[in-house]
Protein chains: 2
Amino acid sequence: MLPNPDEKLDPRVKRTRSLILQSFDDLLAERNFESISVQDVTDKAQINRATFYAHFPDKYALLDHSISRMFMSEIEKRTLNACHYSPDNLRNLILGLCDFLSRLHTSCAQPHQQFESLVEGTVKKQIFDLLSYWLRDSKKSTTDIPATVATWAIYGLASHYSHKKKRPALEKFVDEALPLVAVNLEQFTAA
Amino acid sequence: MLPNPDEKLDPRVKRTRSLILQSFDDLLAERNFESISVQDVTDKAQINRATFYAHFPDKYALLDHSISRMFMSEIEKRTLNACHYSPDNLRNLILGLCDFLSRLHTSCAQPHQQFESLVEGTVKKQIFDLLSYWLRDSKKSTTDIPATVATWAIYGLASHYSHKKKRPALEKFVDEALPLVAVNLEQFTAA
DNA sequence: TTGGTTCTGTCGACTAAGCAACACTGGAGA
DNA sequence: TCTCCAGTGTTGCTTAGTCGACAGAACCAA
């Protein structure tokens with residue numbers, strides 16, 4: 001679905017990127033995104049600050065990249081990145097997103113409003129792309145509308161779930177929510 | 001005693017050196033020195049082979065450097081690198097060397113003859129320098145002779161100890177050996 | 001012996017990373 | 001208000017690391 005990021009790349013570039021990503025993830029576990037400066041990241045990564053800007057325009061792009069990678073690996077873990085729509089795949093997507101957001105909220109230090117809305121934008125973009133891919137052989141010419149509706153619905157559900165003080169049993173929660181989302185997609189599936 | 005290796009150095013150099021050293025140590029734990037090629041080290045470290053040669057003339061120099069660092073840290077751990085001769089310091093030196101060689105024999109895969117004699121050369125050079133430093137305020141003008149004698153004696157003892165199938169209690173072994181070495185050095189001490 | 005293979009050490013051309021500046025911004029005080 | 005300070009992007013130049021290629025050494029097998 002997406003080009004392989006492990007393609008033949010200058011090893012210096014691979015090394016620098018992974019140093020930046022790793023340092024950033026470590027910092028996110030310690031303090032909130034707003035308080036982390038580019039300087040902090042490069043200090044921790046032991047690279048020059050100018051080098052950072054050769055890889056990312058700013059710290060927001062770094063967050064975007066980092067969150068994308070994490071969410072993508074969640075998707076790949078559940079092998080949702082190379083398939084079509086099915087109730088079971090949709091179920092797994094919702095489960096994965098709930099897991100992902102819950103983990104994010106526990107692993108990141110005091111997530112603030114800004115942080116959460118940045119994450120939301122990044123992740124929704126990926127969900128939308130994934131759903132569009134699932135519906136690629138649809139009988140209808142455009143799948144924008146159903147993909148958008150489902151994306152927002154799914155994210156809303158997962159966000160709601162992950163913010164609960166006492167999270168209920170995930171399976172039960174998803175079983176209840178699934179049909180409401182599925183109905184939006186089913187009429188657009190190829191089979 | 002020695003210049004600080006953490007001085008301001010290009011971070012790329014620090015990074016590359018530590019990648020090389022780490023990969024080499026890891027490889028030494030898996031297979032014997034003879035079977036490890038420069039290629040193997042650079043593959044594991046994910047650096048270019050040409051870069052290796054910018055840092056070390058060959059794999060023997062790498063071994064020398066690696067062993068030196070390990071032994072030096074053993075010495076520093078016991079704060080023997082900034083002091084004078086005393087029976088207690090000598091005792092600690094012998095203890096440290098026995099520990100060091102024993103660890104080396106268990107952590108390195110099948111040490112061969114070549115490997116052991118390379119280690120011996122490197123470590124004896126360091127012991128000699130250390131003893132010369134201990135005797136630096138000697139009444140006698142030259143300390144070469146006693147430092148040489150003691151170096152060989154100490155290394156011989158530790159080598160003997162570390163090769164035993166069933167190693168006896170280290171403390172007891174050292175207590176027995178200590179006076180034989182001490183007598184060679186005491187007459188050269190300043191006090 | 002010959003030929004194949006793998007490792008070695010070195011080279012020159014190219015590219016990424018380091019560094020020390022710079023001007024600029026926004027916030028915190030006094 | 002003004003100044004101080006810390007962080008941001010950007011630049012020109014230097015240096016380290018990468019790449020591909022080379023000839024030669026060591027070894028093994030046909």
Side-chain angles (χ1 to χ4, degrees), chain A residues 3-28 30-66 109-110 112-115 118, chain B residues 4-28 30-66 109-110 112-115 117-118:
Chain A
N4 183 8
D6 274 357
E7 38 185 303
K8 279 204 179 66
L9 204 59
D10 192 315
R12 289 172 292 183
V13 173
K14 276 200 264 182
R15 198 178 307 147
T16 301
R17 290 213 183 132
S18 78
L19 284 171
I20 292 175
L21 268 307
Q22 187 56 56
S23 308
F24 182 61
D25 289 351
D26 291 349
L27 284 171
L28 264 188
E30 296 166 16
R31 15 201 191 108
N32 59 338
F33 175 69
E34 288 76 12
S35 76
I36 298 172
S37 69
V38 172
Q39 186 81 258
D40 293 332
V41 175
T42 58
D43 282 353
K44 185 146 200 158
Q46 302 196 75
I47 62 158
N48 195 278
R49 197 165 57 85
T51 304
F52 175 90
Y53 290 103
H55 293 266
F56 300 96
D58 50 36
K59 72 171 187 170
Y60 301 96
L62 172 57
L63 177 65
D64 188 89
H65 185 91
S66 171
Q110 323 111 354
H112 284 39
Q113 180 50 40
Q114 188 195 19
F115 176 77
L118 289 167
Chain B
N4 183 10
D6 275 356
E7 38 185 305
K8 278 202 179 68
L9 206 59
D10 192 314
R12 289 172 292 185
V13 173
K14 276 199 265 182
R15 196 179 309 148
T16 300
R17 290 214 183 130
S18 78
L19 283 170
I20 293 175
L21 266 307
Q22 187 57 57
S23 309
F24 182 61
D25 288 352
D26 290 351
L27 284 170
L28 264 188
E30 296 167 13
R31 15 201 192 107
N32 59 337
F33 176 69
E34 289 75 14
S35 77
I36 298 172
S37 70
V38 172
Q39 186 82 258
D40 294 332
V41 176
T42 58
D43 282 353
K44 185 147 203 156
Q46 302 196 78
I47 61 160
N48 196 277
R49 199 164 55 84
T51 304
F52 175 91
Y53 290 104
H55 292 266
F56 299 98
D58 52 36
K59 70 172 187 169
Y60 302 96
L62 172 58
L63 176 65
D64 187 89
H65 185 91
S66 170
Q110 322 113 357
H112 283 39
Q113 179 51 41
Q114 188 196 16
F115 176 75
S117 68
L118 289 168

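Below, chain A is the first sequence line, B the second, and so on; all start at residue 1.
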Chemist: When we call it a touch if two heavy atoms are under 4.0 Å apart, what does B:T51 touch: a base, just sugar-phosphate, or nothing?
Modeler: base
Chemist: For B:R15 and for A:D40, find the nucleotide of DNA chain D with the closest heavy atom, then tell me which residue's nucleotide is more 5'.
Modeler: A:D40
Chemist: Using whole Å, report how far CD1 of A:I47 lies from P of C:dC19.
Modeler: 11 Å
Chemist: Tell me: CD of B:Q39 to P of D:dA25, nearest whole Å?
Modeler: 20 Å
Chemist: When you measure from the side chain of B:N32 to the backbone of B:E34, do you find a donor-acceptor pair of N or O atoms at a distance under 3.5 Å?
Modeler: no
Chemist: The side chain of A:R12 lies closest to which of these nucleotides: C:dT15, C:dC19, C:dG18?
Modeler: C:dT15
Chemist: Without decimals, in angstroms, what is the distance between A:K14 NZ and D:dT18 P?
Modeler: 11 Å
Chemist: Under 3.5 Å, side-chain donor or acceptor atoms of residues 44-53 of chain A against the rest of the protein: list the pairs with distances, not counting sequence neighbours.
Modeler:
from  : atom 1 : to    : atom 2 : distance (Å)
A:K44 : NZ     : A:E30 : OE2    : 3.0
A:N48 : OD1    : A:A50 : N      : 3.0

Chemist: Can you find a donor-acceptor N/O pair under 3.5 angstrom joining the side chain of A:R49 to the base of D:dG9?
Modeler: yes
Chemist: A:I20 CD1 to C:dG18 P: how many Å, rounded?
Modeler: 9 Å
Chemist: Taking atom P of D:dA16 as reference, at what distance in whole Å does atom CG of A:N48 sit?
Modeler: 14 Å
Chemist: Is any side-chain heavy atom of A:D58 less than 4.5 Å from a side-chain heavy atom of A:V38?
Modeler: no
Chemist: Between B:A50 and B:I36, which residue's closest nucleotide on DNA chain C lies nearer the 5′ terminus?
Modeler: B:I36
Chemist: Nearest whole angstrom, please: distance from the P of C:dA20 to the CG of B:D10.
Modeler: 10 Å
Chemist: Counting the atoms with a prime plus P, OP1 and OP2 as sugar-phosphate, which does B:R17 contact under 4.0 Å by heavy atoms, base, sugar-phosphate, or nothing?
Modeler: nothing
Chemist: Checking contacts here: which listed nucleotide (D:dT18, C:dC7, D:dT10) is nearest the side-chain heavy atoms of A:Y53?
Modeler: D:dT10
Chemist: Could you walk me through whether B:H65 and B:R17 satisfy the side-chain contact (heavy atoms from CB on, under 4.5 Å) test, starting with their C-alpha distance in whole Å, then the side-chain angles of each, then the deciding distance to 0.1 Å, before giving a yes or no?
Modeler: CA-CA 11 Å; B:H65 185 91; B:R17 290 214 183 130; 5.6 Å; no
Chemist: Separation of A:D43 atom CG from D:dG7 atom C1', in whole Å?
Modeler: 12 Å
Chemist: Rounded to whole angstroms, how far apart are CG on A:L9 and P on C:dA16?
Modeler: 9 Å
Chemist: So, is B:H55 close to the D:dG17 phosphate, meaning a side-chain N or O under 4.0 Å from OP1 or OP2?
Modeler: yes
Chemist: Does the side chain of A:S23 pick up a donor-acceptor pair with the side chain of A:D26 at under 3.5 Å?
Modeler: no
